Amino acid sequence: MDLFFKTPESVRNAIRRRRDNFRGYFDDEFTKKKIDHKRCFDFGPENTTTDVCSDFDQENQWPDQEMVPHFKSTMKEYYAEMRRVSLIIIDALVSAMGMDTADFREAVGVDTDSSFLRLNYYPLAPTDHTIGVHEHNDAGLVTLLYQDQVGGLQVRLNDEWAEIPPIADALVLNIGDMMQIFTNGRVKAPLHRVVASNTSDRFSAPYFFNPSYTSECRPLKQMFREGETDKYAPINWVHFRRRRVLGDMIIEVEPEVQVTDYETA
Ligand SMILES: O=C(O)CCC(=O)C(=O)O
Ligand SMILES: [Fe+2]
């Protein structure tokens, strides 16, 4: 990871993400219209077929292998492991809420999931209040996050920012917007951000486990408590994700799409 983000800029520029392919390298993200102090690399499964894919998740763009030896194979191995662990966690969460795990897997379309892995690099910050990633919710189902030992991840709790301190060899589990929709709000996607350090650069790697682009995200009846009704209108996931990413791109002026746009009451 370290090696990739420190390659000459030309190596990274050769694989920049574009409006018609969100996968690749970027360093110009605006979360909530505020520039983030970070560099990123996104990739997903290799075998993207057009019937389950989108017009923006295209071929992975890998860096020049000679500049970053073993990068691609290591990343692909890590991706497969994160996907395996995410499925175990999702099954456990879903059955704890009293829903049949096979039904949930079918509703979210796990066989054609649109998950992806992101590498984040936060260069040394110029001040002690430089924001690495501005406040946001993760959009998908669950996120499994690796963070190094530097710290800076914060979650909004009781109107304050609370630290999520790094724990060696542990991953952070986060709930995303679509999980909130499918469970009719029984689990909530928390607002979080990263304060970049001015004493050390920092790495993190979130794996975003996302629904299939073919599935519609709506509250599932099996998740309802007695007498409960739908708290959210159905969301077309491919539409939601396109709007979220374009909303965060430097060139776009549209506001960033939020789950609250879909609340029914
Ligand atoms: O770097 C981190 O710890 C979290 C990054 C994050 O929230 C994200 O990439 O969505
Ligand atoms: Fe996040």
Side-chain angles (χ1 to χ4, degrees), residues 1-2 4-5 17 22-44 57 75 78-79 82-83 86 89 114-125 129-157 161-181 187-211 237 240-250 256-260:
M1 228 200 291
D2 187 61
F4 168 68
F5 285 112
R17 79 171 179 185
F22 291 173
R23 294 177 176 178
Y25 173 75
F26 55 99
D27 56 6
D28 50 4
E29 187 153 73
F30 276 67
T31 304
K32 297 279 190 315
K33 303 296 160 202
K34 293 174 278 194
I35 185 82
D36 296 328
H37 184 74
K38 65 171 185 180
R39 297 174 192 165
C40 296
F41 174 78
D42 286 359
F43 73 96
D57 276 353
M75 286 305 148
Y78 185 69
Y79 184 97
M82 287 302 101
R83 186 173 189 281
S86 294
I89 291 171
S114 62
S115 308
F116 68 100
L117 204 129
R118 168 168 292 175
L119 307 181
N120 287 312
Y121 171 62
Y122 304 91
L124 207 61
H129 54 268
T130 302
I131 303 296
V133 184
H134 287 88
E135 70 280 5
H136 67 281
N137 299 342
D138 293 346
L141 293 167
V142 299
T143 306
L144 268 188
L145 172 83
Y146 160 82
Q147 60 168 332
D148 67 14
Q149 292 300 299
V150 174
L153 174 62
Q154 301 179 335
V155 67
R156 197 72 182 163
L157 201 63
W161 288 110
E163 297 291 329
I164 307 287
I167 300 172
D169 300 326
L171 298 172
V172 176
L173 172 67
N174 193 18
I175 299 291
D177 286 333
M178 294 310 115
M179 197 66 174
Q180 182 170 330
I181 301 286
V187 294
K188 296 260 174 7
L191 204 59
H192 58 286
R193 69 176 191 181
V194 173
V195 179
S197 165
N198 62 351
T199 54
S200 171
D201 53 1
R202 175 175 182 269
F203 290 95
S204 73
Y207 170 73
F208 299 105
F209 192 92
N210 292 340
W237 167 239
F240 188 90
R241 185 158 143 69
R242 181 188 289 110
R243 280 190 57 197
R244 173 66 66 87
V245 179
L246 288 179
D248 291 345
M249 271 190 194
I250 197 162
E256 190 189 71
V257 64
Q258 303 300 330
V259 138
T260 45

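Ligands are counted one by one from 1 in listed order, and the atoms in each one are counted from 1 as well. Hydrogens, waters and symmetry mates are skipped; everything else that's a heavy atom, side chains included, is used. What you see is a predicted model, and the numbers here were worked out from it, not measured in a lab.
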(Q) Which atom name does Asp138 have for its N/O/S atom nearest to the Fe ion (ligand 2)? (A) OD1

Q. Of all the N, O or S atoms in His136, which one sits nearest to the Fe ion (ligand 2)?
A.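 Considering only N, O and S atoms, His136 comes nearest to the Fe ion (ligand 2) through NE2.
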
**Q.** Selected option - heavy-atom contact closest to atom 10 (O) of ligand 1, from His136, Gln147, Arg202
**A.** His136

Looking at [Y], is its backbone amide N or carbonyl O close enough to the side chain of [X] to form a donor-acceptor pair, meaning the two atoms are under 3.5 Å apart?
X      : Y      : result
Ser197 : Thr199 : yes
Gln154 : Glu135 : no
His134 : Gly132 : no
His192 : Pro190 : yes
Ser200 : Val150 : no

(Q) For Thr143, which part has a heavy atom under 4.0 Å from ligand 1: side chain, backbone, both, or neither? (A) neither

(Q) For Phe203, which part has a heavy atom under 4.0 Å from ligand 1: side chain, backbone, both, or neither? (A) neither

Q: Do me a favour and list the nearest non-hydrogen protein atom to atom 9 (O) of ligand 1 with residue, atom name and distance?
A: Asn120 ND2, 3.1 Å

Q: Identify the protein heavy atom lying closest to atom 4 (C) of ligand 1, giving its residue, its atom name and the separation to 0.1 Å.
A: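 For atom 4 (C) of ligand 1, the nearest protein heavy atom comes out as Val194 CG2, 3.6 Å.
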
**Q.** Given Phe43, Phe116, Tyr79, Phe22, the one that forms ring-ring contact (aromatic ring centres under 6.0 Å, His included) with Phe208
**A.**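 Between Phe208 and the candidates, ring-ring contact (aromatic ring centres under 6.0 Å, His included) is satisfied uniquely by Phe116.
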
Proximal ligand 1 atoms for [X], defined as those under 4.0 Å from one of its heavy atoms:
X      : value
Pro206 : 9 (O)
Asp138 : 10 (O)
His192 : 7 (O)

Q) Would you call Asp177 and Met179 a side-chain contact if the rule is heavy atoms closer than 4.5 Å? A)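 Asp177 does not reach Met179 side chain to side chain.
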
Q: Tell me yes or no: between the side chains of Asp201 and Tyr122, is some donor less than 3.5 Å from an acceptor?
A: no

Q: Using distance alone, decide if ligand 1 has a nitrogen or oxygen within less than 3.5 Å of any nitrogen or oxygen in Tyr122.
A: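 Yes: some nitrogen or oxygen of Tyr122 is under 3.5 Å from one in ligand 1.
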
